[in-house]
Amino acid sequence: MTLFGSILSQVLERVLELPPARTRKIEVTRNLRVPMRDGVVLLADRYAPEDGGAGDAAELPTVLVRSPYGKGGLHSVMYGRPFAERGYEVVIQSCRGTEHSGGILDPFRQEAADGLDTLVWLGRQPWAGDVVTTGPSYLGFSQWALASALASVPDDGSWEGIPRPRAMAVQLAPSDFREPVYEGGSFALHTFLRWTRQRWNFERDEPLHLVRAFGRVLLGVEGRAVGRAEARLPLGDLDRWATGRRVDYWQGWLEHDAPHDPWWDSARHGDAVAGITAPVHLLGGRYDLFLPGLLRDYARLRDAGRQPRLTIGPWAHEDPAWVPVATREALAFFDTHAKGERGRLRDTPVRVHVGGAEEWRDYPDFPPPGVRAERWHLHGGHLLAREAPGDSPPEGYRYDPADPTPSVGGPLFGRGAGPRDNRALEARPDVLTYTSEPLGRNLEVVGPVEAELWVRSSLAHADFFARLCDVEPSGRSVNVSDALLRVSPGRPEPEEDETLQLRIELWPTAHSFRRGHRLRVQISSGAHPRLARNTGSGEPLAAATKLVAAAQQVFHDPLHPSAVVLSVLA
């Protein structure tokens with residue numbers, strides 16, 4: 001190990017607050033060839049303690065990480081040395097079609113088969129011990145895909161000897177990737193256009209290009225360039241604006257926008273989650289893109305009688321603050337389940353950071369016991385109150401897709417995510433707000449949040465966006481939870497009076513509204529570019545260019561009791 005490597009190792013140990021390394025002598029083997037059943041070869045790097053980590057190297061558990069972002073660099077820092085120095089073999093593999101691995105990348109839809117073939121290969125390596133898996137985002141989804149593939153392996157002896165993961169540490173990732181691509185039925189433009197641009201930067205095998213791209217990100221040039229593309233129509237041309245070429249998977253995402261299109265089946269693994277018997281550790285963020293899906297997977301495991309570990313922090317997707325927590329907790333989890341070391345885990349299975357109170361709390365479950373549903377109703381005069389509404393006329397606004405309501409904070413990909421001051425957004429004429437009186441006591445909301453809205457639109461194709469905010473005594477309005485729902489003919493069916501009853505599942509949260517603060521609910525019809533604007537025309541998603549403004553109404557009367565439903569902790 002070089003002097004620089006030794007210094008870096010010790011710095012990481014302090015920054016990540018890891019237990020002391022068992023060894024600093026790590027052997028790295030680059031570009032191991034891993035064959036897939038269709039003849040494609042994927043490449044992987046292996047990190048191993050030179051001295052066996054104070055034991056026989058053949059007995060060491062093997063940490064498997066499968067990534068489309070390269071095997072070295074940041075992944076070497078996050079997974080290679082930290083785990084190898086603490087008594088693990090580590091295999092970091094480049095997914096199909098990325099960083100010199102063979103084949104063509106088809107995001108989300110190929111990871112089950114490739115993950116299974118990788119396990120078969122690992123089972124043939126004399127140095128590989130019990131397998132554990134870890135990684136965030138796409139790397140976390142690849143773990144769900146692998147578990148799903150294992151569930152389909154026939155029990156006829158033909159797959160005898162394949163190692164099955166002893167533990168999984170999934171961070172910031174759902175088992176179903178169709179849902180976040182079409183959040184509430186609307187295409188997640190900001191996230192997946194920027195991801196496509198990011199992939200293009202990785203695919204260009206030019207070191208200077210990556211340096212330039214990183215510099216452009218730091219200077220904000222990259223964000224502005226993609227931002228200009230996000231403002232354009234049709235969406236089917238944006239891959240060319242972002243990368244200079246047609247991107248097949250971008251076109252596929254846009255073409256297959258129907259809710260139950262079987263094209264997405266290979267990227268949807270939720271049905272397999274309940275069958276996972278390996279211990280699972282889940283980590284998410286209150287403002288993470290994928291928190292709803294991750295918590296659905298937690299609920300699937302709980303319903304199946306499992307007890308996964310769960311940590312939810314105050315993070316957005318690209319907040320580096322989650323990295324030390326994820327590394328420490330994954331290491332302790334693997335030490336417990338792959339090495340049999342006791343006393344490494346906290347006493348309670350769930351740990352959640354509560355906003356407003358700005359403190360960590362431990363619970364036996366999520367939502368915690370004792371949570372009750374509490375309805376806060378919309379009233380005339382822009383009031384929010386627990387009492388049911390009386391007679392009052394609906395309030396309306398005009399949504400113009402030529403000037404779409406912008407996204408401010410929340411679960412974004414990249415800069416600007418998380419809690420933000422919403423006052424400028426709330427001053428727009430296309431945003432309605434409903435605000436409570438100042439609270440006489442703290443109100444603890446921990447768990448699901450839902451908006452039940454009665455609305456009417458002049459168009460058959462429209463979006464409705466609901467957001468819950470915490471209004472400070474100073475007047476600053478900070479977003480806590482939100483979501484959008486896209487409506488189209490028959491979804492949902494209109495009532496006799498042509499109103500629509502909408503149930504919008506907002507981001508789950510953990511937030512303490514403090515005494516003297518007020519609750520606020522925003523209602524609008526967009527959050528662009530986080531979510532693609534609804535053009536109102538009903539044209540196909542990829543080709544739509546015609547922009548039609550909509551007249552929207554929100555009802556709050558005894559027949560149409562619009563409300564937000566909070567999970568209140570007694």
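As the structure is a prediction and not an experimental result, all values here were calculated from the model.
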Donor-acceptor contact present, side-chain [X] to main-chain [Y], <3.5 Å:
{"X": "Trp200", "Y": "Thr243", "result": "yes"}
{"X": "Arg420", "Y": "Ala417", "result": "yes"}
{"X": "Gln93", "Y": "Thr118", "result": "no"}
{"X": "Arg33", "Y": "Val41", "result": "no"}
{"X": "Ser142", "Y": "Leu139", "result": "yes"}
{"X": "Ser101", "Y": "Gly97", "result": "no"}
{"X": "Glu17", "Y": "Glu13", "result": "no"}

Quick one: do [X] and [Y] make a salt bridge, cutoff under 4.0 Å?
{"X": "Arg66", "Y": "Glu111", "value": "yes"}
{"X": "Asp265", "Y": "Arg268", "value": "no"}
{"X": "Arg361", "Y": "Glu444", "value": "yes"}
{"X": "Arg197", "Y": "Glu230", "value": "no"}
{"X": "Asp38", "Y": "Arg96", "value": "yes"}
{"X": "Asp297", "Y": "Arg300", "value": "yes"}
{"X": "Glu179", "Y": "Arg296", "value": "yes"}
{"X": "Arg46", "Y": "Glu27", "value": "no"}

Inset, instruction - Answer yes or no on whether Arg530 is positioned over the face of Trp507, meaning its NZ or CZ is under 6.0 Å from the six-membered ring centre and within 45° of the axis. - result: yes
Legend entry - Lys71 to Tyr79 six-membered ring, cation-pi geometry met (6.0 Å, 45°): no
Between [atom1] of [X] and [atom2] of [Y], what distance do you get to the nearest 0.5 Å?
{"X": "Leu484", "Y": "Arg467", "atom1": "CG", "atom2": "CZ", "result": "11.0 Å"}
{"X": "Trp315", "Y": "Leu291", "atom1": "CH2", "atom2": "CG", "result": "11.0 Å"}
{"X": "His100", "Y": "Leu43", "atom1": "NE2", "atom2": "CG", "result": "8.0 Å"}
{"X": "Asp365", "Y": "Tyr298", "atom1": "CG", "atom2": "OH", "result": "3.5 Å"}
{"X": "Asp288", "Y": "Gln171", "atom1": "CG", "atom2": "CD", "result": "11.0 Å"}
{"X": "Leu282", "Y": "Leu295", "atom1": "CG", "atom2": "CG", "result": "8.0 Å"}

List the atom of [X], the atom of [Y], and the distance in Å for their closest heavy-atom pair.
{"X": "Gly80", "Y": "Ile92", "value": "N-CD1, 4.0 Å"}
{"X": "Pro68", "Y": "Cys95", "value": "N-SG, 3.8 Å"}
{"X": "Pro364", "Y": "Pro349", "value": "O-CG, 3.4 Å"}
{"X": "His75", "Y": "Gly70", "value": "ND1-O, 3.2 Å"}
{"X": "Gly285", "Y": "Leu172", "value": "N-CD2, 3.9 Å"}
{"X": "Ala84", "Y": "Thr23", "value": "O-CG2, 4.3 Å"}

Between [X] and [Y]: side-chain donor-acceptor atoms closer than 3.5 Å:
{"X": "His317", "Y": "Ser137", "answer": "yes"}
{"X": "Thr348", "Y": "Arg346", "answer": "no"}
{"X": "Arg81", "Y": "Ser9", "answer": "no"}

Inset, instruction - Under the side chain to side chain contact (heavy atoms under 4.5 Å, CB included) rule, what do Val77 and Leu12 come out as? Steps first, then yes or no, please. - result: CA-CA 8 Å; Val77 171; Leu12 280 173; 3.5 Å; yes
Inset, instruction - Count the heavy atoms of every other residue, nucleotide or ligand shown that sit under 6.0 Å from CZ of Arg14, and state whether that count exceeds 12. - result: no
Legend entry - Glu505 atom CD: more than 12 heavy-atom contacts under 6.0 Å: no
What about the rings of [X] and [Y], do their centers lie closer together than 6.0 Å?
{"X": "Phe177", "Y": "Phe290", "result": "yes"}
{"X": "Phe192", "Y": "Phe413", "result": "no"}
{"X": "His269", "Y": "Trp144", "result": "no"}

Inset, instruction - Evaluate the criterion side chain to side chain contact (heavy atoms under 4.5 Å, CB included) for residue pair Phe83 and Tyr47; output intermediate values, then yes/no. - result: CA-CA 9 Å; Phe83 284 92; Tyr47 296 76; over 6 Å; no
Legend entry - Trace of the side chain to side chain donor-acceptor pair (under 3.5 Å) decision for Thr196 with Arg194: CA-CA 5 Å; Thr196 299; Arg194 287 171 187 257; over 6 Å; no
Legend entry - Geometric class of the Trp250/Phe187 ring pair [parallel <30°, tilted 30-60°, perpendicular >60°]: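 Ring orientation, 0 to 90° scale: perpendicular.
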Inset, instruction - Verify side chain to side chain donor-acceptor pair (under 3.5 Å) between Gln143 and Thr133, making sure each step is shown before the conclusion. - result: CA-CA 7 Å; Gln143 297 179 66; Thr133 62; 2.7 Å; yes
Inset, instruction - Please test Arg199 against Tyr69 for side chain to side chain contact (heavy atoms under 4.5 Å, CB included), starting from the C-alpha separation and ending with a verdict. - result: CA-CA 8 Å; Arg199 284 296 328 136; Tyr69 308 119; 3.9 Å; yes
Inset, instruction - Run through Leu412, Asn479, Thr509 and flag the one making a side chain to side chain contact (heavy atoms under 4.5 Å, CB included) with Tyr287. - result: Asn479
Legend entry - Steps toward side chain to side chain donor-acceptor pair (under 3.5 Å) verdict (Glu329, His281): CA-CA 8 Å; Glu329 294 195 351; His281 183 292; 2.8 Å; yes
Inset, instruction - Could you go through the ring-ring contact (aromatic ring centres under 6.0 Å, His included) check for Phe108 and Tyr138 one step at a time? - result: CA-CA 8 Å; Phe108 319 127; Tyr138 197 108; 5.3 Å; yes
Inset, instruction - Check the pair Arg86, Leu18 against side chain to side chain contact (heavy atoms under 4.5 Å, CB included), reporting the backbone distance first and the verdict last. - result: CA-CA 9 Å; Arg86 287 158 183 84; Leu18 298 177; 3.7 Å; yes
